[in-house]
Amino acid sequence: MSQRYNVKETEAKWQAAWRDASCFAAADDPDKPKYYVLEMFPYPSGRIHMGHVRNYTMGDVVARYKRARGFNVLHPMGWDAFGLPAENAAMEKGVHPAKWTYENIAVMRGQLQGMGLSLDWDREIATCHPDYYRHEQVLFLDFLEQELAYRKESWVNWDPVDQTVLANEQVIDGRGWRSGAPVERRKLAQWFFRITAYSESLLERLEDMPRWPEKVRLMQANWIGRSEGAEIDFPVIGDDRKLKVFTTRPDTLFGASFCALSPHHPMSAQIAAGDPEAAAFIAECHPLGTSEEVIATAEKRGYDTGLKVRHPLVEDLELPLYIANFVLMDYGTGAIFGCPAHDQRDLDFANRYGLGVIPVILPEGADATSFRIEDEAFVGDGVAINSEFLDGLGVEDAKRRVIARLEELGSGNGVVQFRLRDWGISRQRYWGCPIPVIHCADCGTVPVPRETLPVLLPDDVTFDKPGNPLDHHPSWKQVACPSCGKAALRDTDTMDTFVDSSWYFARFCSPRSDAPIARAAVDYWLPVDQYIGGIEHAVLHLLYSRFFIRAMRDCGHLAIDEPFAGLFTQGMVCHRTYQDAEGRWLTPTDVRPVGDGGFETLEGQPVTLGRVEKMSKSKKNTVDPAAIIEEYGADTARWFMLSDSPPDRDLEWTDEGIAGAYRFVQRLWRQVVEALDHLPERGAGAPGANSARALALRRSAHGALRSVGEDIDQFRFNRAVARIHELSNEIAGFGAPEAADEGSALREACEILVHLMNPMMPHLAEELWQQLGHETMLVQEAWPQADEALTAQALITLPIQVNGKKRATIDVEADAPEDRIREEALAHPNVVRAMEGKSPRNVIVVPKRIINVVV
RNA sequence: GCCCGCUUGGCGGAACUGGUAGACGCACGGGACUUAAAAUCCCGAGGCCCGGAAGGGCCGUCCCGGUUCGAGUCCGGGAGCGGGCACCA
């Protein structure tokens with residue numbers, strides 16, 4: 001009788017049922033253990049993509065599983081809704097960014113709801129909504145009061161055509177990614193968040209985050225970049241200035257043969273003021289911006305200022321002072337001493353300008369009299385030479401000694417340097433959170449009074465000329481100074497959209513609160529127990545959020561140190577690529593297979609098969625999830641996302657794969673519905689097990705129950721999928737029950753199967769649960785308990801090796817005594833043959849594992 | 001250049017802390033059902049060799065070497081692929 005499972009009707013039915021019963025609305029309940037599952041919220045680009053489907057499916061598996069395990073689960077969704085694409089749409093299509101964004105949100109919300117995710121939609125937030133960004137402005141003012149936000153001049157990437165600052169990521173080969181114009185370096189007044197105040201803590205806590213991927217912790221540690229060294233003063237000969245340099249190798253101080261300033265160093269500017277040649281050199285250094293190509297090929301070049309500095313430890317030693325293009329202003333002190341023998345850059349520089357090369361570290365085994373440095377600096381460990389009181393010491397000892405001496409002399413001290421720099425958040429753009437400050441000619445920078453927040457974005461803006469629409473607006477920036485009442489100007493910059501996403505997970509705890517967050521709710525729900533998203537956010541978003549939680553803590557908003565207790569980074573969704581004869585990319589719907597694995601266009605033209613690559617618009621290898629869900633249903637799409645590939649690795653989308661997932665959905669339906677004819681009534685008797693068949697089925701079901709739970713806990717969804725296939729195969733092989741105990745065993749197995757599939761295929765599971773005669777909804781049911789007595793094996797198969805090669809297997813009781821196992825193993829004909837008449841020298845019996853006979 | 005990860009059948013992958021390599025799926029081959037096809041169900045399968053079969057042998061987890069009764073797993077060296085950072089003193 002088994003008709004086909006009607007995917008569309010059934011999925012819609014259960015989605016409505018869950019919504020009507022508010023199954024996923026989370027309530028603060030301090031008496032229940034909480035579990036906060038969060039997936040990185042999407043940018044509302046217009047439609048969901050396969051990456052979203054994978055991400056939200058994983059999160060939903062965890063959310064539904066934890067709910068069944070008795071946790072009070074918070075699983076919210078929102079929109080990272082500010083950002084440049086909305087402004088681009090405004091420029092290209094004439095639609096207002098707000099309209100464009102909210103329409104996109106409406107479409108994507110519908111698409112996500114069609115996936116059957118167990119989300120609490122009552123908590124939905126959009127960062128572009130004033131009810132969100134007004135609180136962000138409050139946080140900004142809090143940070144300002146705590147001096148965690150400040151304003152300073154800094155060098156930025158400036159696009160002269162679009163007239164805006166670009167992030168480093170938006171500069172491609174030295175050109176603006178939109179305009180294609182060569183990017184200029186400009187000095188602008190920008191707002192910064194003082195993330196460097198937490199460098200040490202951000203680094204240290206990485207050690208204590210066991211549920212974060214090692215890779216992400218390492219990337220953050222490298223990004224923060226702690227290094228120990230010394231700051232050393234070199235007095236400038238002939239005046240009272242001192243040059244402060246930073247080095248990680250104070251042990252090589254006796255090998256110094258020059259000092260060098262960054263072109264952007266204040267002292268360089270002083271020199272340039274009286275020296276046109278120096279000024280010209282500095283100007284030449286300017287275009288040396290961020291372009292990697294330039295850096296890789298750039299020669300070490302310098303300008304001899306004519307000034308000399310005095311070596312702090314060697315009397316009468318004077319070193320030339322250069323301005324050098326390879327010295328960075330924003331690391332260390334913007335000045336270095338050069339030790340050519342032990343630093344490759346310094347050596348290249350010294351060779352070019354004929355400066356001394358004095359080896360001061362001798363590699364192990366080298367001879368002090370013949371050791372020479374020519375084209376390759378020696379950067380390894382060794383013993384100090386030519387270094388007076390350091391001679392004979394190892395590198396680490398020498399560092400300590402020289403720092404101690406410098407500190408005695410008042411010429412320097414040990415310091416710790418970080419690579420991490422403060423976070424510049426000003427953007428000259430419209431579609432972002434306005435920075436709530438006012439610039440007054442008399443009073444300076446004045447915070448917008450809190451009671452007048454929010455500073456709303458004006459609706460009536462135009463995008464017909466380049467630059468910042470807020471700045472062009474005829475009246476928006478004109479305000480009275482809150483302090484003196486005179487005419488003043490609003491800050492027309494908006495915040496980097498990474499600010500919006502740095503605290504949204506906290507806002508979800510109390511999304512309608514009048515304050516940025518409600519303390520009780522945050523104390524209950526945070527930290528996020530499981531955060532899931534792409535590896536591309538390993539540094540930026542995840543580091544900024546870690547900063548934000550610390551800053552919010554120090555402003556009294558909450559009491560935790562880390563936002564995300566557990567982090568999982570998912571792999572990408574990939575697909576084959578196709579190109580036509582002219583090399584143009586073709587979409588998967590433009591091609592069809594021809595026999596032997598090849599493809600042709602719909603017009604019959606030849607197609608070149610390309611690599612499997614991340615789905616992207618540029619390669620046209622995307623598959624639209626909405627079309628897939630329309631054709632196969634949400635459960636099928638979800639199941640495919642979880643099958644085969646481990647969740648942290650890339651997943652290749654294939655038509656065969658999705659078809660296979662659909663077949664399995666139909667098979668499960670048929671299997672359970674057909675079993676209904678043979679099943680006893682619900683509750684007709686506890687599943688005893690008299691027959692071996694019944695017992696075997698019960699063992700399989702409980703074994704699957706145990707391992708699927710473990711697999712989900714450990715994010716091994718592909719294994720959980722395999723276990724469910726196995727149980728389904730067992731049930732299929734069982735056939736019709738032949739006795740009452742077999743009927744109840746079959747019912748039990750079917751019910752366990754339905755529980756197991758529930759986190760992954762919730763609609764099908766819910767439907768089968770009902771078919772099995774239940775009146776409750778499965779979402780409200782607890783995860784069943786595995787019976788330990790059944791998961792323990794009574795009879796086990798042991799392999800027997802002879803000299804490490806498998807020769808036979810025997811079946812024994814799990815608790816059989818060792819000497820009987822040994823006896824049986826040695827008597828096995830295969831073993832006897834393999835022993836070739838020799839007597840065993842040793843017999844190793846590993847309980848419940850293996851027997852190895854050594855002859 | 002520096003740091004990190006990965007490498008198992010035709011393919012995705014499994015093998016928990018050293019203990020039966022290839023679970024499960026995809027693709028494939030054979031069969032059943034059908035007028036036929038689709039759908040479904042059953043069977044087969046790492047490679048090579050012996051055997052009619054039952055069964056058995058040899059080789060096999062990127063390469064070379066080591067530790068061990070036993071290595072996909074641990075150690076040393078190398079290759080290939082991928083990722084992150086990069087004039088950071």
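Sequence lines set the chain letters: A, B, ... in the order given, protein chains first and strands last, and positions in each chain run from 1. Bear in mind that the values here come from a model prediction, so they are computed numbers and not experimental data.
Nucleic acid contact for A/Arg421: base, since at least one base atom lies under 4.0 Å from a heavy atom of the residue. Counting non-hydrogen atoms under 4.0 angstrom, A/Val327 reaches a base of the nucleic acid. Among the atoms of the strands shown, none is found under 4.0 Å from any heavy atom of A/Ser643. When heavy atoms are screened at a 4.0 angstrom cut-off, A/Arg667 is found touching the sugar-phosphate backbone but no base atom. Using a 4.0 Å heavy-atom cutoff across all strands shown, A/Thr797 reaches at least one base atom of the nucleic acid.
One atom, CZ of A/Arg849, and another, P of B/rG18, lie 10 Å apart when rounded to the nearest Å. Between A/Glu536 atom CD and B/rC85 atom P there is a gap of 12 Å when expressed in whole angstrom units. Protein atom CH2 of A/Trp223 is 15 Å distant from nucleotide atom C1' of B/rC3, rounded to whole Å. Following rounding to the nearest Å, A/Leu651 (CG) and B/rG13 (P) show an atom-to-atom distance of 9 Å. As a whole-Å value, the separation of A/Phe337 CZ from B/rC88 P is 15 Å. Following rounding to the nearest Å, A/Gln220 (CD) and B/rC4 (P) show an atom-to-atom distance of 17 Å. For the pair A/Asp251 CG and B/rA89 P, the computed distance is 13 Å after rounding to whole Å.
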Next item on the list: Take A/Glu284 and A/Arg301, measure what salt bridge (charged side-chain N to carboxylate O under 4.0 Å, His left out) needs, and give me the verdict at the end.
Entry: CA-CA 11 Å; A/Glu284 268 176 58; A/Arg301 291 181 53 234; 3.0 Å; yes
Margin query: salt bridge (charged side-chain N to carboxylate O under 4.0 Å, His left out) for A/Arg226 and A/Glu200? Distances and angles first, verdict last.
Written below: CA-CA 8 Å; A/Arg226 182 183 196 274; A/Glu200 196 79 57; 3.1 Å; yes
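Residue whose closest nucleotide on RNA chain B sits further toward the 5' end, between A/Lys848 and A/Phe418: A/Lys848. Mapped onto RNA chain B by nearest heavy atom, A/Asn729 and A/Asp346 fall at different nucleotides, with A/Asn729 at the one closer to the 5' end.
No more than 12 heavy-atom neighbours from other residues, nucleotides or ligands sit within 6.0 angstrom of NZ on A/Lys614.
For A/Asp330, the salt bridge (charged side-chain N to carboxylate O under 4.0 Å, His left out) partners two or more places apart in sequence, or in a different chain, are A/Arg421.
A/Thr196 and A/Asp422 are linked by a side-chain donor-acceptor pair at a separation below 3.5 angstrom, with hydrogens and angles left out of the test. If you check the side chains of A/Glu231 and A/Thr333, you find no donor sitting under 3.5 Å from an acceptor.
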Listed pairs under 3.5 Å, donor-acceptor, residues 824-832 of chain A side chains, sequence neighbours left out:
| unit_1 | atom_1 | unit_2 | atom_2 | d |
| --- | --- | --- | --- | --- |
| A/His828 | ND1 | A/Asn830 | N | 3.2 |
| A/Asn830 | OD1 | A/Arg833 | NH2 | 3.0 |
| A/Asn830 | ND2 | A/Arg807 | O | 3.0 |

Validation: residues 646-661 of chain A side-chain donor-acceptor distances under 3.5 Å, sequence neighbours left out:
| unit_1 | atom_1 | unit_2 | atom_2 | d |
| --- | --- | --- | --- | --- |
| A/Asp650 | OD1 | A/Met572 | N | 2.9 |
| A/Thr654 | OG1 | A/Gly657 | N | 2.9 |

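As rounded to the nearest Å, B/rG10 and B/rC49 have P atoms that lie 16 Å from one another. The C1' atoms of B/rG65 and B/rA71 are separated by 14 Å, rounded to the nearest whole Å. Remark: the separation of the P atoms in B/rA39 and B/rA27 is 10 Å, to the nearest Å. Nucleotides B/rU61 and B/rG56 have their P atoms positioned 23 Å apart, rounded to a whole Å.
Nearest nucleotide to the A/Phe246 side chain, out of B/rG83, B/rA89, B/rA15: B/rA89. For A/Ala722, whose side chain is taken as the heavy atoms from C-beta onward, the closest listed nucleotide among B/rC59, B/rC24, B/rG19 is B/rC24. Among the nucleotides B/rC88, B/rU20, B/rC58, the one closest to the side chain of A/Lys806 is B/rU20. Of the candidates B/rC85, B/rC87, B/rC24, the closest approach to any side-chain atom of A/His725 belongs to B/rC24. Listed candidates were B/rA89, B/rG19, B/rC41. Nearest to the side chain of A/Tyr331 is B/rA89. Distance from the side chain of A/Arg649 is smallest to B/rA14 among B/rG84, B/rC24, B/rA14. Taking the side chain of A/Lys300 as heavy atoms from C-beta on, and the options B/rC85, B/rA89, B/rC87, the nearest nucleotide is B/rC87. With B/rG57, B/rA15, B/rC88 as the candidates, the nucleotide lying closest to the side chain of A/Arg807 is B/rG57.
The side chain of A/Arg719 places no N or O atom within less than 4.0 Å of a non-bridging phosphate oxygen (OP1 or OP2) of B/rG25. Considering only side-chain N and O atoms, A/Lys805 lies under 4.0 angstrom from the phosphate OP1 or OP2 of B/rC59. Residue A/Arg716 places no side-chain N or O under 4.0 Å from the OP1 or OP2 atom of B/rA14.
Aromatic ring centroids of A/Phe715 and A/Phe717 lie under 6.0 Å apart. Ring centers of A/Phe349 and A/Tyr322: under 6.0 Å apart, within the cut-off.
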When you compare the protein's N or O atoms with those of nucleotides 65-72 of chain B, which come within less than 3.5 Å of each other, and at what distance?
| unit_1 | atom_1 | unit_2 | atom_2 | d |
| --- | --- | --- | --- | --- |
| B/rC69 | O2' | A/Asn852 | ND2 | 3.0 |
| B/rC69 | O2 | A/Asn852 | ND2 | 2.6 |

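A syn base is found at B/rG9: its glycosidic angle is within 90° of 0.
The nucleotide B/rC58 finds its pairing partner in B/rG47, both defining distances of the Watson-Crick or G-U wobble pair being shorter than 3.5 Å. Nucleotide B/rU17 forms a pair with no other nucleotide shown, judged by Watson-Crick or G-U wobble geometry with both contacts under 3.5 Å. Pairing for B/rA53 is absent, with no Watson-Crick or G-U wobble pair whose two atom distances lie under 3.5 Å. The nucleotide B/rG5 finds its pairing partner in B/rC81, both defining distances of the Watson-Crick or G-U wobble pair being shorter than 3.5 Å. B/rU34 makes up no base pair with any nucleotide shown, lacking Watson-Crick or G-U wobble contacts both under 3.5 Å.
The shortest side-chain heavy-atom distance between A/Glu631 and A/Thr636 does not fall under the 4.5 Å cut-off. A/Glu374 has its side chain out of reach of A/Asn351: every pair of non-hydrogen atoms, C-beta onward, lies at least 4.5 Å apart. Within the 4.5 Å cutoff, no side-chain heavy atoms of A/Leu756 are placed close to those of A/Arg723.
Atom-to-atom distance recorded for A/Leu542:CG and A/Trp223:CH2 is 13.0 Å, nearest 0.5 angstrom.
Looking at residues 656-664 of chain A, you'll see A/Glu656, A/Arg663 sit with a heavy atom under 4.0 Å from some atom of RNA chain B. Residues of residues 702-715 of chain A that place a heavy atom closer than 4.0 Å to RNA chain B do not occur.
Ring geometry for A/Phe234 against A/His311 counts as perpendicular: the plane angle is over 60°, on a 0 to 90° scale with 30° as the lower cut.
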